[in-house]
Amino acid sequence: MLQTNLKHILTADEHKKFIAENENVMICCGRMGPMCIPVYGIMEDLEGTYKNVSFADMEFDHPESHVIRLAPECKGFMGLPFTVYYKNGKLVKATTSIQSMDQITNILDAQFGKLSENGK
Amino acid sequence: MTETIYDVIIVGAGPAGLTAGIYTSRAKLQTLILNEGTVGGQLVLTHEIANYPGVGSMSGYQLATTMKNQAQSFGCEIKANVNVTGYDFTANPKKVEINSKEAFYGKTIILAPGGLPRMLNIPGENEFKGKGVSYCATCDGDFFTGKEIIVVGGGNSALEEAVSLTKYASKVTIVHQFDHFQAFPHAILEARSNPKIQLIMESELREISGNESVNQVRIENLTSCKIIEAKTDGVFIFIGYIANTKGVEGHITLNKNSEILTDNDMHTNVPGVFAAGDCIAKRYRQVTTAVSDGTIAALNAIEFIRIQQNVN
């Protein structure tokens, strides 16, 4: 299990349930490595403000993480972490390697609507 | 609304900034750390720290987390993942602005923004980041199992990572701009004697290209100016760090490498503004030296405040 304060998704079934039950989802699939830790940190910081988004992590090396590792949108990815965004259960955006706060908030705003538009 | 005036604002939460925060908050000074990325700075980019006295071997993340918890236990406030967008050191208290909208005021400032990995800044580098371009061998090495890759750089990191990547890659080509390496002799020897490693000296990458992922680079020989195209599956870049001082230009004195100039007590040229860690002009950049700088900066900030209080 990853050492983060995010919700941990441990199985493919949990992943399926999580994206089905939450309208807007961001999942970071990685290890406890240098490129992944900053992304988890950003997600932990955003949890308080982006209340319209459900955040979670998934361990890259766990066999059940195939639901992200083998997603068509992640084809060609060769850098950890794989970060995926779901809207109403559909994968709408995927990124590879480390991302900055600005890059992540730009995706959240573009895919799920800006905070002000959500009345937050 | 009443604005809080902090005794000390520290910019940067790497080893230097966190150490300074531990010292000033333990001295009962109201301390705020503002950090542009994740707490820990470059320390979290290190898989294993084996030369930090007293802790044996642990991950950079663990060490950074321990430092952060230690600072917070003394009352130090930390705001991470902010954009520092402005400074005003001319007034008292001094101002640090974040996200172009929120201002914080401090009687003293300790600048410890650390360093940033140097980029090649060539076509394709950004486009293929995570799709063949990598800055972390331990993170991404296994994606290149059985593949041919290029490592750019000639220092210790480049050569050590090139050797470690031979665990995965079928062939590693090191491209370096000089006719000699800057690494320690043992690292050079290890790289030169590895049968999977090939060297291309006095050359620089000019372009990285591909389709879904990297499949080709253009390399220029700097003596003949001849450009060759080479097939490759990945490019790992280890060409050092630059001081992360972009925002403080014009506010304090920097050298030609954009590093902050300090005296031995970590004073900058502005009274009440100190600097510590990888952002300052110095020869050795280690976790231990950053911790030392942070300690010295904090103790001098504490003394600065005490003197100011006595004057007033």
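Order of the sequence lines sets the chain letters (A, B, ...), proteins ahead of strands, with each chain counted from 1. In this text the structure is predicted, and so the values were computed from the model without any measurement. Just so it is clear, the values below take in all heavy atoms, side chains as well, and ignore hydrogens, waters and symmetry mates.
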Show the numbers, then the answer: is there a side chain to side chain contact (heavy atoms under 4.5 Å, CB included) between B/Glu212 and A/Met78? CA-CA 10 Å; B/Glu212 206 166 66; A/Met78 302 168 96; over 6 Å; no

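- Taking chain B as the reference chain and counting heavy-atom pairs below 4.5 Å, the highest number among A/Pro81, A/Ser100, A/Gly79 is found for A/Gly79.
- Residue B/Lys147 qualifies as open at atom NZ: its count of foreign heavy atoms under 6.0 Å is 12 or below.
- Using a 4.5 Å cut-off between non-hydrogen atoms, the part of residues 31-45 of chain A that approaches chain B consists of A/Arg31, A/Met32, A/Gly33, A/Pro34, A/Met35, A/Ile37, A/Pro38, A/Gly41, A/Ile42, A/Asp45.
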Can A/Ile98 and B/Lys129 be said to form a side chain to side chain contact (heavy atoms under 4.5 Å, CB included), step by step? CA-CA 9 Å; A/Ile98 191 170; B/Lys129 188 182 85 169; 4.0 Å; yes

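- For the atom pair B/Asp140 CG and A/Ser97 OG, the distance stands at 6.0 Å (nearest 0.5 Å).
- Pairing each heavy atom of A/Gln3 with each of B/Tyr61, the nearest pair is O-OH, 3.2 Å.
- Proximity to chain A (any heavy atom under 4.5 Å) is shown, for B/Asn211, by neither the backbone nor the side chain.
- Distance check: B/Asn99 CG to A/Met101 CE gives 8.0 Å after rounding to the nearest 0.5 Å.
- Ranked by heavy-atom pairs under 4.5 Å with chain A, the list B/Phe144, B/Tyr135, B/Phe128 is led by B/Phe144.
- Contact check for B/Lys131 versus A/Thr96: side-chain heavy atoms found under the 4.5 Å cut-off.
- Within a 6.0 Å sphere centred on NZ of A/Lys87, other residues, nucleotides and ligands contribute more than 12 heavy atoms.
- If you tally non-hydrogen atom pairs under 4.5 Å between each of B/Asp142, B/Val82, B/Leu43, B/Thr138 and chain A, the highest count goes to B/Asp142.
- Ring-centre distance between A/Phe60 and B/Phe143: below the 6.0 Å cut-off.
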